[in-house]
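Worksheet: the structure to be examined is printed underneath.
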Number of protein chains: 2
Amino acid sequence: MDATVAHHRANPLILKLRYGADLDAGDRALLADLFRADRVLEPQQDIVRAGDRATGVHLVIEGFAFRYKIVGDGQRQILGLLLPGDFCDLQSVVLGPSDHYIAALTACTVADVAQDRIDALVFRDSRLARALWWATLVDESILREWLASMGQRSADKRIAHLFCELLLRQQLVGAAGKRDCPLPLTQPMLADILGITTIHVSRVLRDLRMAGLIQLKDRRLHVPDVRRLRNFCDFDTSYLHLVREPDDQDAASPPIRARP
Amino acid sequence: MDATVAHHRANPLILKLRYGADLDAGDRALLADLFRADRVLEPQQDIVRAGDRATGVHLVIEGFAFRYKIVGDGQRQILGLLLPGDFCDLQSVVLGPSDHYIAALTACTVADVAQDRIDALVFRDSRLARALWWATLVDESILREWLASMGQRSADKRIAHLFCELLLRQQLVGAAGKRDCPLPLTQPMLADILGITTIHVSRVLRDLRMAGLIQLKDRRLHVPDVRRLRNFCDFDTSYLHLVREPDDQDAASPPIRARP
DNA sequence: CGTCACATTGATGTCTGTCAAGAATCGTGG
DNA sequence: CCACGATTCTTGACAGACATCAATGTGACG
């Protein structure tokens with residue numbers, strides 16, 4: 001565990017960017033300075049509403065948020081999960097009014113940053129610009145993988161794949177252990193992520209549990225044999241575009257609270 | 001029909017960007033100069049292969065291309081259709097090896113541009129930078145809409161929605177009329193876009209035809225009543241983030257060949 | 001003219017949705 | 001602390017959407 005995580009609670013963005021870029025201490029200091037938690041949200045509280053014009057950029061510091069759309073007669077499709085270190089809308093200025101919603105899933109803290117401060121940052125430091133760009137491109141890549149999953153995988157593999165992803169993504173920001181991580185998703189939420197009904201989610205989770213692939217307890221996911229679960233759902237990390245694998249340490253999870 | 005389309009064949013990128021940015025004649029000249037057709041591809045020929053490192057940037061000038069992934073035991077999911085004016089991989093340098101394939105769907109012509117020429121362009125002209133950025137963000141937005149469609153819409157509405165999108169997107173680049181457009185997609189292709197079997201595609205197309213919603217002939221789509229089709233599948237253009245609606249002209253389709 | 005991909009249709013099976021009813025969990029207020 | 005309602009979670013019976021298997025027809029192309 002290196003110096004970046006030494007202080008009381010590391011900035012998840014900085015942790016994440018270790019896997020997409022090589023930043024020096026100066027870069028990290030700039031990021032830490034710009035992206036600090038400055039708002040706490042209740043579960044279900046909106047961060048961005050469809051039709052809103054961008055006001056600034058939001059970064060999740062702690063907790064989960066999610067992106068969603070309402071189609072047809074009120075059915076909700078969840079388009080992405082935003083974990084600590086993820087941007088909600090880095091690029092929204094260019095697009096105009098948002099075409100979807102973003103809301104807090106759990107209680108969470110976010111950083112609100114004015115667009116011009118981002119612009120100044122990336123203008124000044126092209127390595128940082130590239131790092132942030134990497135982050136948004138990974139988000140898009142995840143979206144493609146979700147689409148492929150939705151189109152081609154059966155419900156059980158889809159859930160398993162999602163769990164593999166969430167375990168790994170949380171490991172990247174030091175929020176998960178080797179084999180378990182927070183999983184604050186209700187079954188109705190899972191249903192809207194996977195495009196199936198909550199009833200079916202329940203059935204499939206039972207099957208996965210009984211197959212010994214996963215354990216769920218206290219809103220946490222435990223995976224007894226990560227290799228086996230990955231195998232089951234054909235999980236391949238390449239869509240996350242990591243330049244290095246996460247250390248295999250049994251990391252802090254839930255988020256680090258210990259002081260030095 | 002304005003001056004941009006006056007010459008023998010307008011650059012589809014320039015046409016498309018009319019809907020996302022305000023470019024002046026100088027901007028357009030730069031684009032036209034940079035993105036000119038310089039390669040012809042056979043149907044099914046690869047443009048980008050998964051695992052490839054980026055060599056440059058590719059823009060579709062004419063014809064259709066498509067993005068796809070292979071999941072599990074060889075099932076293909078098509079992740080996006082690339083129409084004239086669409087970039088294949090504007091940003092691939094940052095991400096490293098591609099995690100998916102891009103191939104020509106029909107015979108098509110593409111522009112190959114070295115990354116540094118793009119960089120020089122966007123560095124020099126921030127309005128153009130913003131315009132290109134808009135284009136990539138719209139692509140991502142389309143991806144989200146596809147995901148929502150896959151998760152929440154039934155097969156018939158999914159096809160209808162896709163057809164609405166393809167009609168409109170081709171109108172943006174002057175490749176479609178008010179109510180019809182090229183549709184060079186076989187049923188196996190449609191199946192891999194929609195995540196259903198070709199057999200089911202055949203049945204659903206029959207139903208849509210018999211409901212009078214669409215007509216298919218000679219690899220073209222004809223929509224007798226666009227409003228009705230849009231209504232049927234809950235099509236809302238906002239995810240395409242157009243700053244203006246396409247003119248209601250009965251535009252050139254197939255691509256303009258007439259000389260002034 | 002044969003081959004091959006595409007397209008169509010029917011019969012049948014499987015996955016997932018719908019309807020219905022309970023049980024467990026959780027937050028809240030008395 | 002307990003009661004309460006509200007949300008989750010679970011299970012069963014049944015229905016519908018879509019997949020699979022099989023057969024046939026069509027058209028492009030060598």
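Only this structure's heavy atoms are used, side chains among them; waters, hydrogens and symmetry mates stay out. Lettering follows sequence order; numbering is per chain, from 1.
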- Could you go step by step and tell me if A/His222 and A/Arg179 meet the side chain to side chain donor-acceptor pair (under 3.5 Å) rule? CA-CA 6 Å; A/His222 179 83; A/Arg179 285 185 294 277; 4.9 Å; no

- Task: Apply side chain to side chain contact (heavy atoms under 4.5 Å, CB included) to the pair A/Leu213 and A/Leu229, showing each step before the final yes or no.
- Result: CA-CA 6 Å; A/Leu213 287 167; A/Leu229 185 64; 3.9 Å; yes

- Message: Using only atom types and a distance under 3.5 Å, with no angle test, would you say the side chain of A/Arg158 pairs donor to acceptor with the backbone of A/Arg153?
- Response: yes

- Task: Run the numbers on B/Asp46 and B/Arg49 for salt bridge (Lys or Arg N to Asp or Glu O under 4.0 Å), then give the verdict.
- Result: CA-CA 7 Å; B/Asp46 285 338; B/Arg49 307 250 296 272; 3.7 Å; yes

- Verify, without hydrogens or angle tests, whether B/Gln170 (side chain) and B/Pro182 (backbone) share a donor-acceptor contact under 3.5 angstrom. yes

- Query: Could you state the CG-C1' distance from A/Asp73 to C/dG17, rounded to the nearest angstrom?
  - Reply: 14 Å

- Message: Tell me whether B/Asp112 contacts the main-chain N or O of B/Asp38 through its side chain, where contact means a donor paired with an acceptor under 3.5 Å.
- Response: no

- Note on the structure: When rounded to whole Å, the CD1 to P distance for the pair B/Ile159 and D/dA17 reads 15 Å

- Contact letters for nucleotides 18-26 of chain D, in which S counts primed atoms plus P, OP1 and OP2 and B counts the base, heavy atoms under 4.0 Å: BBBBB----

- Could you check how far CG of B/Leu105 sits from C1' of C/dC6, rounded to whole Å? 14 Å

- How many Å lie between CD on B/Gln152 and P on C/dG17, as a whole number? 10 Å

- Query: What are the two closest non-hydrogen atoms of A/Thr198 and A/Pro188, and how far apart are they?
  - Reply: CG2-CA, 3.5 Å

- Between D/dT10 and A/Arg209, is there an OP1 or OP2 to side-chain N/O distance shorter than 4.0 Å? yes

- Exercise: identify the closest heavy-atom pair between A/Gly177 and A/Gln171: O-NE2, 2.9 Å

- Query: Taking atom P of D/dT8 as reference, at what distance in whole Å does atom CG of A/Asp218 sit?
  - Reply: 18 Å

- Item | Between D/dT8 (C1') and A/Met189 (CE): distance, integer Å | 12 Å

- Protein-nucleotide distance (A/Gln75, atom CD; C/dG17, atom P), rounded to Å: 11 Å

- Item | OP1 or OP2 of D/dT10 under 4.0 Å from side-chain N/O of A/Gln187 | yes

Write down the protein N/O and nucleotide N/O pairs, taken from nucleotides 27-30 of chain D, whose separation is under 3.5 Å; answer none if there are no such pairs.
none

- Taking five pairs at each terminus, the helix from C/dC1-D/dG30 to C/dC26-D/dG5 shows an axis bend, to 10°, of 40°

- Is the distance between the ring centroids of B/Phe87 and B/Phe35 less than 6.0 Å? yes

- Message: Under the criterion side chain to side chain donor-acceptor pair (under 3.5 Å), I'd like the reasoning laid out for A/Asp89 against A/Ser98: C-alpha separation, chi angles, the key distance, then a yes or no.
- Response: CA-CA 9 Å; A/Asp89 48 6; A/Ser98 172; over 6 Å; no

- Task: To the nearest Å, give me how far apart CE (B/Met210) and P (C/dT8) are.
- Result: 13 Å

- Message: Is the terminal nitrogen or CZ of A/Lys69 (NZ for Lys, CZ for Arg) located under 6.0 angstrom from the six-membered ring centre of A/Tyr101 and within 45° of that ring's axis?
- Response: no

